[in-house]
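Just below is one structure, and these are the notes that go with it.
Reckoned from all heavy atoms, side chains included, excluding hydrogens, waters and symmetry mates. We number each residue from 1, following the sequence as shown.
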Amino acid sequence: MESVIDELKMILEKEENLLNQLSIKQSDLRNAVTEKNWEFLISSIAVINQISDEFQKLDIKRDEIQKNLSINELKPLMESIRLVRSKLLKCKVENRVLGDYVAIAKSFVQDVVEKAVPQNRNKNYSRDGRIIQPQPKSVVLNQLY
């Protein structure tokens, strides 16, 4: 039984380490978005996806081990479990904040494009009576450096 507890402790430490790395990368991602550094943004997303995959694998193992243990057996690890959960919550909040920022920016860009090139919002019907969503007109922008 002691080896199972040790294994769970090791998994929790690895999860905590991964969440620390994830938090740092999320901060980098936020900076890349606000500074419009798209190359760094892509590389940050790749690293975040890799960390998330590793965390998910560890979390599945942790869940399997934890299901087989009683509350009394988990008591020595409660502080580690609480710490991992709090860091996970922090990462979720950071994701939500970034998601809100991107949604607001997307809405702003859509508003600007709609005002610059208004689209036809009438319903179009196919020959068999189905509603077809109108497709936006193509817009070509010349970019000068």
Side-chain angles (χ1 to χ4, degrees), residues 1-126 128-139 141 143:
M1 186 56 70
E2 193 67 33
S3 66
V4 174
I5 299 292
D6 290 340
E7 183 180 3
L8 182 59
K9 185 176 182 177
M10 184 182 69
I11 288 173
L12 288 169
E13 288 172 358
K14 287 181 181 180
E15 282 185 336
E16 182 182 352
N17 185 31
L18 286 173
L19 289 172
N20 288 337
Q21 292 175 27
L22 185 62
S23 181
I24 292 168
K25 282 300 173 185
Q26 283 178 320
S27 178
D28 291 346
L29 181 71
R30 184 175 10 96
N31 290 337
V33 168
T34 56
E35 294 172 5
K36 297 169 184 61
N37 185 347
W38 308 126
E39 291 174 12
F40 188 66
L41 174 76
I42 299 294
S43 66
S44 294
I45 290 172
V47 172
I48 287 173
N49 285 337
Q50 182 183 14
I51 293 171
S52 297
D53 290 344
E54 289 177 44
F55 183 84
Q56 188 174 16
K57 289 175 187 173
L58 282 173
D59 206 44
I60 290 169
K61 282 184 188 178
R62 181 202 51 79
D63 195 38
E64 290 172 0
I65 293 171
Q66 201 168 334
K67 282 181 184 178
N68 298 325
L69 298 174
S70 69
I71 297 292
N72 289 334
E73 293 170 325
L74 288 174
K75 278 189 179 180
L77 298 174
M78 285 301 199
E79 183 61 28
S80 296
I81 293 171
R82 187 197 60 76
L83 190 61
V84 167
R85 285 185 178 168
S86 67
K87 288 184 180 195
L88 185 59
L89 183 61
K90 179 183 173 190
C91 290
K92 285 182 179 181
V93 168
E94 184 72 30
N95 280 346
R96 191 171 297 128
V97 167
L98 185 60
D100 291 348
Y101 175 83
V102 169
I104 290 168
K106 178 182 174 188
S107 174
F108 172 75
V109 170
Q110 284 177 333
D111 248 10
V112 169
V113 170
E114 180 61 34
K115 287 178 182 173
V117 184
Q119 302 294 321
N120 184 2
R121 295 290 181 210
N122 296 334
K123 292 183 180 176
N124 296 331
Y125 295 90
S126 68
D128 59 355
R130 288 182 292 125
I131 295 176
I132 300 172
Q133 295 297 328
Q135 299 298 318
K137 297 176 185 174
S138 295
V139 178
L141 300 175
Q143 185 177 9

When you look at I24 and S27, which way does the side chain to side chain contact (heavy atoms under 4.5 Å, CB included) test go after all the steps?
CA-CA 5 Å; I24 292 168; S27 178; 5.8 Å; no
At their closest point, which heavy atom of S52 faces which heavy atom of L22, and how far apart are they?
OG-CD1, 4.3 Å
Between S23 and K90, what is the shortest heavy-atom contact and its length?
OG-NZ, 3.6 Å
Is there side-chain contact between S107 and I104, with at least one heavy-atom pair below 4.5 Å?
no
Straight-line distance of K25 NZ to C91 SG, nearest 0.5 Å
13.5 Å
On a heavy-atom basis, the closest approach of L98 and R30 is CD1-CA, 4.2 Å
Go through the steps to decide whether L89 and R85 satisfy the test side chain to side chain contact (heavy atoms under 4.5 Å, CB included), and finish with yes or no.
CA-CA 6 Å; L89 183 61; R85 285 185 178 168; over 6 Å; no
Is it true that D59 and R62 make a salt bridge, defined as a side-chain N closer than 4.0 Å to a carboxylate O?
yes
Quick one, L77 and Q66 - any side-chain contact, counting heavy atoms below 4.5 Å?
no
Using 0.5 Å steps for rounding, measure from the NZ atom of K61 to the CD atom of E7.
7.0 Å
Say you draw a straight line from CZ of F55 to CD of E16; how long is it, rounded to the nearest 0.5 Å?
10.5 Å
Does NZ belonging to K87 count more than 12 external heavy atoms closer than 6.0 Å?
yes
For S80 and L12, which heavy atoms make the closest approach, and how far apart are they?
CB-CD1, 3.9 Å
Mind listing the closest non-hydrogen atom pair of V84 and L19 along with its distance?
O-CD1, 3.4 Å
How many angstroms lie between CG in L29 and OG1 in T34, if you round to the nearest 0.5 Å?
9.5 Å
Find the distance between CE (M10) and CD1 (I65) and round it off to the nearest 0.5 Å.
8.0 Å
Mind running salt bridge (Lys or Arg N to Asp or Glu O under 4.0 Å) on E79 and R82 for me, showing each step along the way?
CA-CA 5 Å; E79 183 61 28; R82 187 197 60 76; 2.4 Å; yes
Can a side-chain donor-acceptor contact be found between D128 and S126 if the only test is distance below 3.5 angstrom?
yes
Shortest non-hydrogen contact between L58 and I11, atoms and distance
O-CG2, 3.7 Å
Interatomic distance, CD@E35 vs CG@L41, rounded to 0.5 Å, equals 11.5 Å
Would you check, one step at a time, whether the test side chain to side chain contact (heavy atoms under 4.5 Å, CB included) holds for N68 with V4?
CA-CA 10 Å; N68 298 325; V4 174; over 6 Å; no
Apply side chain to side chain contact (heavy atoms under 4.5 Å, CB included) to I48 and D28, showing your working.
CA-CA 10 Å; I48 287 173; D28 291 346; over 6 Å; no
